[in-house]
Amino acid sequence: MPSLTQAGQYELVSVYLSDYTRQSKIEVSALMSGFTITESMSAPFMTGTTTLFDSDDILSRLPVIGEEYIEFIYKDFFGKVRTDVFMVFSVSDIKYSDPINQTLIQYTLNFVSAPRVLTDSFRVMKAFKNQKISDYVKLHFDATFKAAMDQQRLKPKGIAIDETDGIQNLVIPNLTPVETFLFFARYAYKSDSNTQFYRFFENRDSYFFGTNEFILNGYGTTSWDPRAVDPLSGNLAPAGGKAKTFYYNYLPNMDANAQYTLMFNIRDINFGEKVNTINDINKGAYKRNVYAIDVLNGTILIPQTPYSILDDFSTDKIKLPHSKQFIDEVISDKYTRFVLKDYTAPADVSGPAVRLDANYSDLYNKKGSYFYQYDQNTIEVEIHGHNDIVAGSVINLQLPLRAKANSGNTQKIDIERSGYYLVNEIRNEFLNKEYKQKLTLSRYGIGTAWYYMKA
């Protein structure tokens, strides 16, 4: 049963600000009017801000110098409690809150996930050999993020890793730890992935290195608990959850006994840009190609068939904005990337091999097309805050079909825009007693169900 009485309410249990040694700490929740926490599948770390109205001179007493820990403990409408720990990296916008009352100072604390601050001065100069990229990710995570948190006696988050295919020998020349994760993501490959959508990100549950399909399996209809990760095998414990369903009703029932239902009502929705044909043509939205320049043999290897994303779309599940005829006749298939062939391809029967097949065709063609479609097909919605919805969650939207004038009172569902969406980004906003989430949602095209979600 809900622990609060009004939809969107939350309880701020405590907010502690402590120095780098954590020997001194101050409870500051009474000085705050609110805070934000942003998490995104497109960002390796979470970030946030909070503004303090300080009459106790905490800036000098603690002091606050951009190396402090800040811990938030908060409970949502359903009674689910979260604890998030960050490090303050910036103190900005310092001013008198009221020019007449110069004892009250206002300032903003900007914070980020602790490993960002604790490891950003590291540089990785290392050769990784004779293993899969997913193995390198685990080794690197333990040696950097986990080690830094252990050294500070802080509980590290786990990491959920989508196993890659193939042995790869990679050299990291001089990168930060997070740059190294992103480097691994660029080269990661999995043969049964339609998207090759490998990326590294953090949400309020865990860190992730994987494809969108992997995230879907975690937060979709068949769910695992990303906080229950075996540190040796990386296996995930089943949790058996299902995607939450949200509805859009512009005149919802606001009665006291309808507050639970209101938690699943979409407060606002913006469908964004439906289509941009010029970008579709110039950015390789549908057709791509990779030419390999074989320096050793002085040839250019040209694939016999250009890659087309149409081959991967199931027309009964997804429909693309353009017609097939328009795509075939107008959208060019000349979006080409050239790579140096310093690797051995599967068809090679002889010749020197510098390294194993780099899978450039799938990585550059599929990933490029799907990333474009993913970014293009986004919508923004606002809902009351749910602590168990994080970046990477899957939610089911049931949207009404726009009724024509004099069409009667029968409510119909928009079967094209309704269905499963992946939560790409969340801006968690806590203001006074209200908790709301602004979500950026995406899927690959518009259709009756998300392509990878099985009905």
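For an aromatic pair to be called close, the ring centres must be under 6.0 Å apart, and Tyr187 with Phe128 fails this. A centroid separation of less than 6.0 Å is found between the aromatic rings of Phe141 and Tyr207. Separation of the Tyr421 and Phe246 ring centroids does not fall under the 6.0 Å cut-off. Between Phe200 and Phe209, a ring centre-to-centre spacing not shorter than 6.0 Å is recorded. The aromatic ring centres of Tyr374 and Tyr370 sit 6.0 Å or more apart. Checked against the 6.0 Å centroid criterion, the rings of Phe264 and His386 qualify as a close aromatic pair.
Ion pair Lys436/Glu434 not flagged as a salt bridge, since none of the NZ, NE, NH1 or NH2 atoms sits closer than 4.0 Å to an Asp/Glu carboxylate oxygen. Here Lys287 pairs with Asp328 in a salt bridge; the nearest charged N to carboxylate O distance falls below 4.0 Å.
Contacts of Thr21 classified as side chain to side chain donor-acceptor pair (under 3.5 Å), with partners at least two apart in sequence or in another chain: Asp19. Every residue two or more places apart in sequence or in another chain that forms a side-chain contact (heavy atoms from CB on, under 4.5 Å) with Ser18 is listed here: Arg22, Lys25, Tyr69. For Thr49, the side-chain contact (heavy atoms from CB on, under 4.5 Å) test picks out Thr36, Thr108, Asn110, with sequence neighbours left out.
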Self-check item: Evaluation steps, side-chain contact (heavy atoms from CB on, under 4.5 Å), between Ile70 and Met87
Solution: CA-CA 6 Å; Ile70 186 166; Met87 286 192 74; over 6 Å; no
Practice problem: Mind running salt bridge (Lys or Arg N to Asp or Glu O under 4.0 Å) on Arg199 and Asp162 for me, showing each step along the way? | Solution: CA-CA 10 Å; Arg199 46 181 156 178; Asp162 190 1; over 6 Å; no
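The side-chain tip of Arg337 does not point at the ring of Tyr360 from less than 6.0 angstrom away and within 45° of straight on. Under a cutoff of 6.0 Å and an axis angle of 45°, Lys244 and Phe78 form a cation-pi pair.
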